[in-house]
Amino acid sequence: MRITLAGTSSGMAVANRAPSALFVEINQDAFLIDAGDGTARQLVRLGLDYKRIRAIIITHTHADHAAGLIGMLQLMHLSGREEPVQIFVPDVVRDRMNDLLPLYHIFSEKWPFKIDFFEIKNMTEKTVSTLTFKPILNSHLAKNEKFALKHQVGTESFSLIFREAGHQDCLYTSDINDFSHLENATENVQILISECTHIDVEQGIRFAECKGISRVLFTHIPPDVDENINAIKRRFTDPSIRFASDGETIEIV
Ligand SMILES: [Zn+2]
Ligand SMILES: [Zn+2]
């Protein structure tokens, strides 16, 4: 399994990083985890073969994780796609997405490929082709509950365990408040891909150490961390701790 960090910024737009997107390749299949704004262009820029994408998984609907979805569908359309695509989204969002697509003139009656939305809230573990993944609910959006209720959207936000069949797990935190929801999720995790906007780098490293996770790759890097990245790297010289740049690729064997 090869994972390319196609976008490594936080929610703040910056010149040197694109918003969150993980491009996962397993043999001939590809999968996209999160699609922050501009992901379509970012995949093209990095030369990643988006035509092989079988499924897209959205961890939560903040724009830096989800606003690139429509652009991805347009790119797939304009490049002649005919194969269906499965899109996994948080609960409640599914029906709203079906309402949203016609606003962008994506009409199911004439679109050249089928777009299937699935809710991931109650999904325990799911396999699509060569990828198995398991969403783990976190509290990143819980603070918006009052407003979400009023506007009939959910507050579900997920971290994600994923793997190639028969191999070790990768744990992608996406956006979180802390690591408490991941206490029992790390048994077979080989690498932690952790955000470092809502939690400290130290917290991520401590969690990985405590759980015996051998590699840590930080992403979702906010400007204040980026400004001090060389000083931070000097503090954590262990080669198993890395800070991702756009286009960085890791292999999980
Ligand atoms: Zn984010
Ligand atoms: Zn977020």
Side-chain angles (χ1 to χ4, degrees), residues 3-24 31-43 56-72 87-94 96-97 100 119-121 133 135-149 151 153-162 170-182 185 192-201 203-204 207 216-227 229 242-248:
I3 305 166
T4 303
L5 281 285
T8 60
S9 80
S10 67
M12 178 67 191
V14 290
N16 60 327
R17 298 178 185 276
S20 292
L22 275 69
F23 190 79
V24 178
F31 306 87
L32 183 64
I33 299 175
D34 280 342
D37 44 316
T39 291
R41 178 179 177 274
Q42 187 67 356
L43 298 189
I56 300 173
I57 304 163
I58 301 293
T59 61
H60 66 294
T61 51
H62 271 156
D64 57 314
H65 298 257
L69 192 54
I70 300 297
M72 280 305 305
I87 304 177
F88 295 85
V89 292
D91 193 34
V92 179
V93 176
R94 192 185 81 146
R96 302 296 287 267
M97 288 304 298
L100 183 70
E119 292 174 359
I120 56 175
K121 185 178 182 181
F133 64 93
I136 302 168
L137 187 66
N138 68 50
S139 58
H140 172 57
L141 298 179
K143 59 184 179 294
N144 290 335
E145 191 156 359
K146 192 171 95 182
F147 311 106
L149 204 64
H151 292 276
V153 296
T155 54
E156 289 80 15
S157 174
F158 297 89
S159 302
L160 208 68
I161 293 267
F162 61 96
C170 177
L171 170 54
Y172 168 52
T173 62
S174 187
D175 292 1
I176 53 176
N177 289 334
D178 55 41
F179 285 93
S180 57
H181 62 293
L182 299 172
L192 170 68
I193 300 177
S194 178
E195 68 124 320
C196 58
T197 297
H198 311 91
I199 53 124
D200 295 337
V201 165
Q203 277 176 280
F207 177 76
V216 185
L217 182 64
F218 286 104
T219 183
H220 204 278
I221 296 170
D224 61 323
V225 172
D226 218 2
E227 278 167 22
I229 199 116
R242 293 183 53 80
F243 293 81
S245 304
D246 284 11
E248 180 137 358

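Atoms within a ligand are numbered from 1 in the order they appear, just like the ligands themselves.
None of L171, T173, L22 except one satisfies the side chain to side chain contact (heavy atoms under 4.5 Å, CB included) rule with I193; the exception is L22.
The main-chain N or O of S245 is found under 3.5 Å from a side-chain atom of E248 such that the two form a donor-acceptor pair. No donor-acceptor pair closer than 3.5 Å links the side chain of E195 to the backbone N or O of H220. Judged by distance alone, with hydrogens and angles left aside, the side-chain atoms of D37 form no donor-acceptor pair with the main-chain N or O of A67 at under 3.5 Å.
Around the Zn ion (ligand 2), the protein atoms of type N, O or S found under 2.8 Å away are H60 NE2, H62 ND1, H140 NE2, D175 OD2, listed by chain and number.
For H181, there are no ring pair (Phe, Tyr, Trp, His ring centres under 6.0 Å) partners, not counting sequence neighbours.
A distance of 6.0 Å or more separates the ring centres of F133 and F31.
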